[in-house]
Amino acid sequence: MIFLSIVKGDLNCSLIDDKNFSADATIGFDLDVTLGPYVVHNIELIPKITIHGPAASLTIDVAINPQVIASLGLRLKFSWASLPLFDLDVSVSLADIGNDLKNLYTELIKWLQNNVDKVFSNILSDVNKWIDAVKSVFTSLANDIDKVANVLANFFNTTAGDCAAFLHEMGYEFEAIVGAHCRVL
């Protein structure tokens, strides 16, 4: 198993005085992760997908001083298939991660898998972004007009007319749209 494929790394350190030290590092990397499916109220919003090589960057800030033994700040930016997915700030202490950074990659993958809603929050907040994602990367979901119509009608609460327009924009034929409306609405 390949741990990380480092794309870029920067490290900045500062010794403020004899008792205070700070450092920050930014690491750009690729990773492979399988996410989903993400279902809310029996509505499949995100299909099970395997993401190969999303661009991510992790910024780590470390500050050591007499009051704080050590603190760690993480910033993760994540994009995939030209979709900016999320930008997340997390602050943890080294005690929170067991003073052990060797499992950071595994924990990052686990967090992504357990937080699909946060990973795709940008897409799930806007029906047009979701439709663009369905057309470009969630193609397995796009193959099932009933699932798409269900999300449009029951998650995004679109009107029947808007739902039909979105389905038509996605390339579905008139008869398929009418059939989906009868089954879903």
Side-chain angles (χ1 to χ4, degrees), residues 1-7 27-59 74-90 103-185:
M1 177 176 154
I2 297 174
F3 172 55
L4 287 179
S5 173
I6 301 289
V7 175
I27 304 166
F29 58 91
D30 293 338
L31 54 88
D32 291 340
V33 62
T34 299
L35 302 177
Y38 179 63
V39 178
V40 174
H41 304 297
N42 293 322
I43 302 169
E44 184 178 338
L45 302 173
I46 306 292
K48 181 177 180 179
I49 55 170
T50 300
I51 301 174
H52 299 288
S57 66
L58 179 65
T59 300
L74 304 174
R75 179 178 187 95
L76 180 65
K77 288 187 177 184
F78 188 83
S79 61
W80 171 61
S82 75
L83 299 172
L85 298 181
F86 69 90
D87 187 349
L88 177 72
D89 286 308
V90 178
N103 295 320
L104 182 60
Y105 180 77
T106 303
E107 291 303 313
L108 176 60
I109 295 295
K110 191 184 309 179
W111 185 90
L112 290 169
Q113 291 170 334
N114 292 330
N115 292 280
V116 175
D117 59 328
K118 290 180 179 76
V119 172
F120 293 105
S121 64
N122 188 29
I123 291 168
L124 295 173
S125 66
D126 183 308
V127 67
N128 291 305
K129 290 178 183 177
W130 183 82
I131 288 170
D132 289 343
V134 169
K135 290 192 297 190
S136 63
V137 293
F138 301 151
T139 53
S140 66
L141 192 59
N143 293 332
D144 189 331
I145 189 172
D146 288 350
K147 286 184 178 181
V148 174
N150 191 25
V151 172
L152 292 171
N154 297 309
F155 180 78
F156 288 109
N157 299 314
T158 60
T159 65
D162 287 342
C163 182
F166 284 131
L167 292 172
H168 179 71
E169 175 189 326
M170 294 178 70
Y172 292 109
E173 298 292 327
F174 176 77
E175 290 173 3
I177 294 169
V178 171
H181 272 111
C182 291
R183 291 185 297 274
V184 172
L185 298 177

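Side-chain atoms are counted along with the backbone in the values below, which use heavy atoms only and exclude waters and symmetry mates.
When Phe166, Tyr38, Phe156 are each tested for a ring pair (Phe, Tyr, Trp, His ring centres under 6.0 Å) with Trp130, only one passes: Phe156.
No side-chain donor-acceptor contact under 3.5 Å links His168 to the backbone of Ala164. A donor-acceptor contact shorter than 3.5 Å links the side chain of Asn143 to the backbone of Thr139. With hydrogens and angles ignored, the 3.5 Å screen pairs a side-chain donor or acceptor of Thr159 with a backbone N or O of Asp162.
Close placement of the Phe120 and Phe138 rings is indicated, their centers lying within 6.0 Å of each other.
Interatomic distance, Asp117 CG to Ile123 CD1, rounded to the nearest 0.5 Å: 12.5 Å. Rounding to the nearest 0.5 Å gives a distance of 5.5 Å between CG of Leu185 and SG of Cys163. Remark: Lys129 NZ to Leu124 CG distance equals 11.0 Å, nearest 0.5 Å. The distance from atom CG of Leu167 to atom NE2 of His181, rounded to the nearest 0.5 Å, is 6.0 Å. Here CG of Leu141 is found 5.5 Å from CD of Glu44. Values are rounded to the nearest 0.5 Å. Separating the CD1 atom in Ile46 from the OG atom in Ser140 is a distance of 10.0 Å, to the nearest 0.5 Å.
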Q: Show your reasoning for whether side-chain contact (heavy atoms from CB on, under 4.5 Å) applies to Val39 and Ile43.
A: CA-CA 5 Å; Val39 178; Ile43 302 169; 5.6 Å; no

Q | Stepwise side-chain contact (heavy atoms from CB on, under 4.5 Å) test for Val33 and Leu35 | A | CA-CA 6 Å; Val33 62; Leu35 302 177; 3.7 Å; yes

Q) Run the side-chain contact (heavy atoms from CB on, under 4.5 Å) check on Asn150 and Phe155 step by step: do they pass? A) CA-CA 7 Å; Asn150 191 25; Phe155 180 78; over 6 Å; no

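Pairing each heavy atom of Thr158 with each of Val127, the nearest pair is CG2-CG2, 4.3 Å. Taking all atoms of both residues into account, the shortest heavy-atom contact from Gly36 to Val116 is N-CG2, 3.8 Å. In terms of heavy-atom proximity, Ala142 sits nearest to Val134 at CB-CG1, 3.4 Å. Smallest separation of non-hydrogen atoms from Val184 and Asp146: CG2-O, 3.5 Å.
For Asn42, the CG atom counts as loosely surrounded, since its 6.0 Å shell holds 12 or fewer non-hydrogen atoms of other residues, nucleotides or ligands. The neighbour count for Glu173 CD, taken as heavy atoms of other residues, nucleotides or ligands under 6.0 Å away, does not exceed 12. More than 12 heavy-atom neighbours from other residues, nucleotides or ligands sit within 6.0 angstrom of NZ on Lys135.
The shortest side-chain heavy-atom distance between Pro47 and Pro37 does not fall under the 4.5 Å cut-off.
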